[in-house]
Amino acid sequence: MKNYLLKSKKFFNSISNKPYIFVGAIYFFLIQKIAFPLNFQQDDVSELYIVNFTDFSCVIEQGDNHPLFTNIIWILSRVFDENIEYVISSMNILISLVSLLYFYTFVKKYSSQHVAAISSLIFLSSNNFIIYSTSIKQYPLEVFGSMFFLSFLYEKIGDDATSLNDYKKLVFGLILSVTSLTLLVLFLITIFLIILNKRVKVKNIFKSLVVFSPSLFFAPKILGKLNRPSYREYWSDFFVNTESLTELFESSFFIFNLIMKGYFGLIFYEKLAVFYFLFLLIPLFYKDKISIPAYSILLIFLVFNFLKFYPLGAGRTDLILLPVVVFIISRSFFVLKLRNQYLSVLFFTLLVLTPNLNNPYYKIENITPILKDISSSVNNENAYILPMDEQRHPFEYYSSKLFGNIETTDKKGCTYIVPDVQNYSIFLPYSQERLDSIYETIKVSNPSEIYLIGIELEGTKGMIRDAEVYLTQLGFIKVSEKDYDIGMLLIQYRSQ
């Protein structure tokens, strides 16, 4: 019995002394539940369109709000001939792990080892962080960039120098900013807060601006996106409504709950939301100066939200602030000066609960089984295939894998690869031009059967139903409908 207790004590001591090892192990345990699916969902696969371009000169200006990340995908696709999606996902997993350990080290520096371990487990309670860390999107880089800028901000505010001459980190920050233009905004905020706190000399500010100047190339892109009417319309539910005091409080409460659910779904209870909010304010009550820069970042993003510049509560848009929020939580624990015994109990409780209760969900959209089922109809003059616009990128990417590809040229003279499938069109019900094109193609080819490929989640009406109405109006008769996985559909129609 004594030997057993001695071994148990050694085991718990080893966890207490090196908690980051167990935090990393839990991270891998969580991602293995969803990592490397047969097919990535359409939102992820949309990032892979860039690999179809044959020349880098046609890639440079691509990428919307994450230009460098898009360029990295293209470069990696030239290094790795196959399964580029798994390469990018692996890269994101590694970046996320580094971010997690980086965060642990950062919190430990400003609090304690116990608080750092607890905060890291709270970090892992975020479903959004786990899900996007296995994706092929730029969000893991945003989390890492957020951690870097937060660390850089505290480093510069904490030293005695009145200059901003750490040019290596400034250049690295600039590179990170180009991977995602949201990070560019955070970089600007970081520099602004450093100058505000340090009273940096004007001469040194101009030197820093020279390093920063290349990023101005992307300023028109950011401003252009913010000025699009569709931008505010698309994100309207995620901006605080300031039309009246009642709507202000209601929308603020709604967005706060969305953010907390995305961050801490495992440990967030909506009916106690006000207590979570008060817990975030504890460092202010204790006049904790260390937490002020983190609060400043949050405040600026809140102002952006009020001005309808930056949406909050949408999950992926909140990830960039996750390190900031959890750091503030770590300060709440630290200023309360809880005894190490209580912190250890909390750590071991989270250590047990996190892997068991956090069940990240990745939307399954396996299109490959559908493509295999219609393989005999590919390039068959008696058949025609209509993937929905929402499944365009998965259809084209995975079709190229199964049926090969051919080269074509776009209007700008760029050569790119398309799947070697001659008998398909993308169905988009809101584009009359696209519908007219489909009509003319069907009229000329006169196929005896048409296959619709789309998705319809339970309780929703998918775009594929609009395609059904369209084909019925053209005189086609529905023959069969087959479900694949969660909501993926293959519907067959025949001519009369």
Are the charged groups of [X] and [Y] less than 4.0 angstrom apart, N to O?
X	Y	result
Arg465	Glu468	yes
Lys261	Glu270	yes
Lys363	Asp43	no
Lys137	Glu142	no

Less than 4.5 Å apart, any side-chain heavy atom of [X] and any of [Y]?
X	Y	result
Thr242	Glu247	no
Arg316	Asn128	no
Glu449	Ser377	yes
Met260	Leu280	yes
Pro429	Met463	yes
Leu371	Ser399	yes
Tyr451	Ile370	no
Ile442	Leu474	yes

For Val51 against Leu48, the heavy-atom pair lying closest together: CG2-O, 2.9 Å
Minimum-distance pair of heavy atoms, taken over all atoms of Phe36 and Ser89: CE2-OG, 3.8 Å
For [Y] together with [X], are the ring centres under 6.0 Å from each other?
X	Y	value
Tyr424	Tyr384	no
Phe476	Tyr493	no
Tyr86	Phe40	yes
Tyr470	Phe427	yes
Phe123	Phe129	yes
Phe56	Trp74	yes

Nearest 0.5 Å please: distance from the OH atom of Tyr263 over to the CG atom of Asp318. 4.5 Å
Straight-line distance of Met488 CE to Leu457 CG, nearest 0.5 Å: 10.5 Å
For the residue pair Phe69 and His66, categorise the inter-ring angle as parallel (less than 30°), tilted (30 to 60°) or perpendicular (more than 60°). perpendicular
Side-chain (Gln391) to main-chain (Gly454) donor-acceptor, under 3.5 angstrom: no
Stepwise salt bridge (Lys or Arg N to Asp or Glu O under 4.0 Å) check, Lys308 with Glu233: CA-CA 10 Å; Lys308 301 188 183 334; Glu233 183 179 343; over 6 Å; no
Which of these, Ile491, Ile450, Ile464, sits in a side-chain contact (heavy atoms from CB on, under 4.5 Å) with Leu386? Ile450
What pairs with Asn366 under side-chain contact (heavy atoms from CB on, under 4.5 Å), at least two apart in sequence or on another chain? Leu38, Asn39, Ile364, Pro369, Asp485
N/O donor to acceptor pairs below 3.5 angstrom from side-chain atoms of residues 94-103, sequence neighbours left out:
| unit_1 | atom_1 | unit_2 | atom_2 | d |
| --- | --- | --- | --- | --- |
| Ser96 | OG | Asn92 | O | 2.8 |
| Ser99 | OG | Ile95 | O | 2.9 |
| Tyr102 | OH | Ser151 | OG | 3.3 |

